[in-house]
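Note: hydrogens, waters and symmetry copies are ignored here, and every other heavy atom, side chains too, is used. Below, chains carry the letters A, B, ... as their sequence lines are ordered, and counting in each starts from 1.
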Amino acid sequence: MENLPTASATQPDAENLKAAPLEKLRAQTSLWQDAFRRLRRNKASMLGLLIIALLIFMGVFADVLAPYDPYKADFASVRQAPSAKHLMGTDKQGRDILSRIIHGARVSLAVGFLSQLLVATVGILAGAMAGYYGGNVDSIIMRLTDVFYAFPTFLFLIILMAAFGRGFINLLVALAFTAWVGLARLVRGQMLQIKQREFIEAARSLGASDARIIGRHLIPNLLGPIIVSFSFGIPGAILAETGLSFLGIGLVPPTPSWGIMLNDGFAVLRSYPHMALFPGIVLALTQLAFLFLGDGLRDALDPRMTHK
Amino acid sequence: MWKYIVRRIGESLFILLAISVITFGIAKATPGGPFGFDDPDSGARIPEVMRARYREIYGLDKPVPVQYLNWLTAAMRGDFGVSFGSRNQNVSDIISRTWPISAQLGLIATALALMFGITLGIIAAVNQNTIIDYMTMFISVVGTTIPTFVLAIIAIVLFSVQLRWFPVSGWGSVDRMILPVFVLMLGPMAGVARYTRTSMLEVINLDFVRTAYAKGLTRRVVIMKHVIRNALIPVVTITGPILAGLLTGSFFVETMFTVPGMGGAFISAAATRDYPMIMANTMIYAALIVFLNLGVDLAYGVIDPRIRFD
């Protein structure tokens with residue numbers, strides 16, 4: 001349902017026209033100011049944003065923040081329970097778990113953002129081509145998206161990773177390969193819809209150039225849904241990465257990935273539960289934060305939502 | 001109607017065929033075979049005669065399109081070849097041993113997810129904006145966000161290690177089934193609860209509900225006879241996503257609780273590049289999802305007569 005095309009953002013719908021005089025009394029605000037105002041009122045989203053900001057901070061300054069080297073083995077202190085020296089304990093090689101979680105934030109965010117950049121590039125290009133050219137190009141791309149849609153994503157990811165082997169680049173490519181479909185459909189739907197709206201026709205009849213129509217009307221209208229798709233795509237990619245790494249077909253040890261840490265911890269879960277619990281909780285919190293932010297963004301950027 | 005059904009079945013078969021081509025293509029495009037010929041240590045020691053013999057036995061000496069057609073014709077008869085992983089076993093035998101277990105796990109989890117999810121959703125909607133609603137939605141948010149494998153870890157630590165209520169792994173007896181079923185169904189249940197609540201709230205505000213109240217019906221009758229019946233129709237449509245979620249969940253649940261089902265077998269096949277197993281499992285999963293989605297779409301028209309097929 002998230003992939004259904006939503007109405008364009010700058011054009012008031014028929015039922016909103018009645019409210020137009022009232023709107024004029026208010027100081028004019030742009031779509032983005034409106035959206036941000038709505039987002040700021042959503043407490044859950046702000047909490048999500050706070051946690052994500054913290055994660056980004058952790059990821060960027062991991063080298064400074066982490067109390068220990070995340071790769072350095074210390075066989076004198078193996079699988080220690082949490083203590084003042086190691087707040088979250090140590091793993092099977094005596095590596096500090098807190099430090100690995102902090103560096104893991106960098107890994108997760110890199111997977112999340114970079115894979116979504118790839119998805120956006122492929123998805124927007126494919127969707128725009130389908131929407132712009134129509135005809136055969138459109139039907140071929142849409143048939144392809146039908147097939148990809150029916151292919152259960154995680155199953156597809158497992159096959160790709162099993163076949164091409166684990167590793168960071170392979171994972172990014174596999175994630176982009178399986179996830180471009182949703183965005184392509186979204187962009188195509190939006191383009192088809194927007195192309196026929198009266199305000200585009202109006203702009204054209206007033207003599208606006210193609211560049212102006214694309215820059216001033218098409219892109220701003222597409223940006224909202226793309227941002228929302230990004231905000232759900234990032235946690236999706238992080239979840240896929242940790243899941244695959246947990247199954248042993250994602251990233252390669254000794255990368256400080258939360259999924260690899262979960263895998264290490266699960267092997268000795270009964271005796272040393274702290275090894276799996278800490279990365280598990282951090283991963284769950286991350287997912288929660290992105291869900292809160294994504295929900296808030298969707299509400300904030302959906303122009304059909306009634307202004308209250 | 002019939003024209004629509006025939007067209008949809010045709011489309012579904014096309015999609016399955018395309019998926020089989022993609023999977024087969026991926027399997028063939030990858031470096032390194034299943035026998036470790038390219039392994040720098042042991043591979044070099046395998047004599048060429050033996051390599052050729054192996055390729056011949058498994059039909060790998062023929063061109064890829066021929067290999068695909070051979071695979072396809074055999075697969076149509078239910079013969080998915082010999083597993084590379086456990087070389088004396090047919091893939092079909094492994095699957096006929098593992099799928100009843102996965103089906104059992106999946107069906108119980110689906111039934112419970114729908115039952116509890118719908119109940120929670122209705123309770124939340126009827127008590128909208130009360131503490132009951134917030135509690136229910138809290139459970140639902142937690143269920144949606146905690147990844148299956150993290151949930152499994154928490155459940156094992158809490159119920160098996162700390163409280164010692166259930167054994168950690170295995171399958172067959174009820175006490176062994178409780179944890180895997182619980183872990184598998186929580187996510188889908190949370191999704192169903194959220195969806196049911198939204199759907200209920202939409203219906204509760206419709207005019208015909210106001211009419212029902214206006215003609216003097218009690219709240220109980222209005223909710224039971226009018227609201228729930230209409231609100232549950234859209235819930236049917238999330239069966240597809242639920243099944244996809246259960247499938248992903250089963251990979252983790254079966255691996256982590258050592259349930260001897262298809263999901264666990266698929267993950268070990270993927271880790272060892274056992275292509276005949278990977279192909280067979282993929283096709284069964286894809287067929288399951290494609291035809292279930294088709295069934296849901298058709299059933300939707302039967303349940304809700306307002307839906308017309310073109």
Interchain contact, [X] with chain A, by part (heavy-atom threshold 4.5 Å):
| X | answer |
| --- | --- |
| I153(B) | both |
| A244(B) | neither |
| I22(B) | side chain |

With a 4.5 Å cut-off on side-chain heavy atoms, are [Y] and [X] touching?
| X | Y | value |
| --- | --- | --- |
| F149(B) | N263(A) | no |
| F290(A) | T145(B) | no |
| F156(A) | I26(B) | yes |
| F151(A) | I15(B) | no |
| I156(B) | F266(A) | yes |

For chain B, which candidate among [options] shows the most heavy-atom pairs at distances under 4.5 Å?
| options | result |
| --- | --- |
| T242(A), I281(A), I249(A) | T242(A) |
| V147(A), L262(A), D146(A), L283(A) | V147(A) |
| T286(A), L269(A), L144(A), L291(A) | L269(A) |

Checklist line | Between CZ on residue F154(A) and OG1 on residue T148(B), distance to nearest 0.5 Å | finding: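 One gets 9.0 Å once the value is rounded to the nearest 0.5 Å.
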
Checklist line | Atom pair OH/CD1 of Y275(B) and I159(A) - distance to nearest 0.5 Å | finding: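 The distance works out to 10.5 Å.
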
For [X] versus [Y], what's the shortest heavy-atom pair and its separation?
| X | Y | value |
| --- | --- | --- |
| A270(B) | A162(A) | O-CB, 3.2 Å |
| I289(B) | A150(A) | CG2-O, 4.2 Å |
| Q287(A) | P147(B) | CG-CG, 4.3 Å |
| V157(B) | P273(A) | CG2-CB, 3.9 Å |

Check: Looking at V150(B), I278(B), I267(B), I146(B), which makes the most heavy-atom pairs under 4.5 Å with chain A?
Finding: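 The candidate making the most pairs under 4.5 Å is V150(B).
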
Note to self: For the CG atom on N129(B), are there more than 12 heavy atoms of other groups (residues, nucleotides or ligands in this structure) within a distance under 6.0 Å?
What the structure shows: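 Atom CG in N129(B) is packed in, count exceeds 12.
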
Checklist line | side chain to side chain contact (heavy atoms under 4.5 Å, CB included) assessment of F266(B) paired with L155(A) | finding: CA-CA 10 Å; F266(B) 175 69; L155(A) 177 67; 3.4 Å; yes

